[in-house]
Amino acid sequence: MSVYFSQKFSTLVPYVPGEQPRDRKYIKLNTNESPYPPSAKVVEAVSGEAKNLMLYSDPECLELRRSMAKLYGVFENQIVMTNGSDEVLNFAFMAFADEERPLAFPDITYGFYPVFAKLNRIPYTEIPLSEDFSVNVDDYIGINKTIVIANPNAPTGKYLPLSDIERIVSSNPESVVIIDEAYIDFGAESAVALIGKYKNLLVTGTFSKSRSMAGARLGFGFADESLIADLNTIRFSTNPYNVNKLTSAAGVAALSDQSYYDENCKKICDTRKKTADALIKAGFEVIDSKTNFLFARSADIGGEELYAELKKRGILIRHFNKDRIKEYNRITIGTPEQMEVFMNAVYEIRKEKGL
Ligand SMILES: *Cc1c(COP(=O)(O)O)cnc(C)c1O
């Protein structure tokens with residue numbers, strides 16, 4: 001830390017992204033990226049747009065919002081587009097939480113929530129998940145805090161049915177409820193259907209996972225137009241050109257080829273089932289997942305150990321050094337071929353341990 005670093009950030013502990021080592025070629029099952037490339041239409045759109053890069057991007061994101069509105073059945077003024085969904089989450093924390101309306105989110109969830117809270121100096125409560133890692137809905141009823149719930153949750157992969165989400169939203173009319181749907185396309189039901197009904201609901205999503213565009217940074221928020229206007233006040237006060245031209249073109253093209261992504265999601269859900277079955281047979285406890293990853297622990301191999309042994313073999317998975325989940329690993333679902341290599345490595349590690 002330099003002597004010039006602002007006191008107000010001196011205790012900030014930044015978010016740690018999943019590692020992206022370059023020392024060798026790894027099978028990456030550690031950051032929940034899609035194993036499938038973006039649609040050919042996306043590749044074409046991006047190269048076509050490159051010649052226009054001397055111009056600023058459209059701060060209104062009109063074309064993107066038009067396509068989003070059509071696909072999701074909401075109005076254009078109920079949409080904000082952002083630089084990844086991390087950005088809409090940060091904007092939402094800035095806009096809708098403070099000392100009077102502190103944040104509340106589960107104790108085991110996306111690691112960026114506490115970081116954004118501290119960055120913006122917003123007090124927060126971490127509400128413990130139950131023993132089996134499910135969100136106890138009653139803990140969130142009428143608490144009048146700015147609530148953030150990843151649904152499905154990460155890194156557990158568990159989800160709440162829409163009826164539970166609605167109970168939480170309807171019982172907290174004095175504060176905004178943010179539902180982070182980064183993984184919604186892998187089998188859970190979206191709360192976007194509730195947007196017209198509640199003025200305090202913000203649903204966020206991303207092109208990073210199901211739409212194979214993690215490197216393009218494109219996210220979005222759906223909410224009542226009054227909340228979207230507030231988010232735009234923050235956005236235009238920080239970076240009105242937050243979605244660049246290449247990403248914008250990529251997004252529009254991706255939305256024009258939804259069937260390609262639906263197919264990929266189906267494949268990933270299939271591979272998820274097969275991998276879960278294989279892991280269970282190999283002595284793992286695997287949490288039922290509605291995401292593109294599995295959260296699992298072995299009775300015989302520690303979480304940290306499995307992570308390290310796999311890394312030696314060129315396979316990256318995610319391990320969190322956090323009390324309640326130390327013995328678990330989060331394993332992104334790759335292609336069937338990648339998961340076969342992964343399982344063979346697991347069998348080899350078990351054999352080496354005499355299991
Ligand atoms: C991946 C992820 C995000 C954000 O992804 P972006 O790449 O910033 O769109 C948000 N929430 C959760 C729970 C995630 O796992």
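First listed ligand is number 1; within each ligand, the first listed atom is number 1.
Contact annotation: for Phe207 versus ligand 1, there are no heavy atoms closer than 4.0 Å. Proximity of Arg217 to ligand 1, defined as any heavy-atom pair under 4.0 Å, is confined to the side chain (atoms from C-beta onward). Contact annotation for Ser85 and ligand 1: heavy atoms of both the backbone and the side chain come within less than 4.0 Å of the ligand.
Residue-ligand proximity, Ser208 to ligand 1, at heavy-atom distances under 4.0 Å covers atoms 6 (P), 7 (O), 9 (O). Every atom of ligand 1 with a heavy atom of Gly84 under 4.0 Å away is listed here by number and element: 8 (O), 9 (O).
Distances shorter than 4.0 angstrom occur between a heavy atom of Asp180 and an atom of ligand 1.
Nearest-residue assignment for atom 15 (O) of ligand 1 (options Phe220, Tyr110, Tyr183, Phe293; heavy-atom criterion): Tyr183.
Salt-bridge annotation for Glu309 and Lys351: absent, with no side-chain N of the basic residue lying under 4.0 Å from a carboxylate O of the acidic one. Contact check on Glu348 versus Arg313 returns a salt bridge, with a Lys/Arg side-chain nitrogen under 4.0 Å from an Asp/Glu carboxylate oxygen. Under 4.0 Å is where a charged nitrogen must lie from a carboxylate oxygen, and between Glu76 and Arg65 no such pair does. A salt bridge is absent between Lys267 and Glu263: the closest approach of a Lys/Arg side-chain nitrogen to an acidic carboxylate oxygen does not fall below 4.0 angstrom.
Taking the six-membered ring for Trp and the full ring otherwise, Tyr260 and Tyr36 have centroids separated by 6.0 Å or more.
Under a 3.5 Å cut-off, the side chain of Ser248 and the backbone N or O of Lys245 do not form any donor-acceptor pair.
Inclusion of Lys209 in the set of residues having an N or O under 3.5 Å from an N or O of ligand 1 is warranted.
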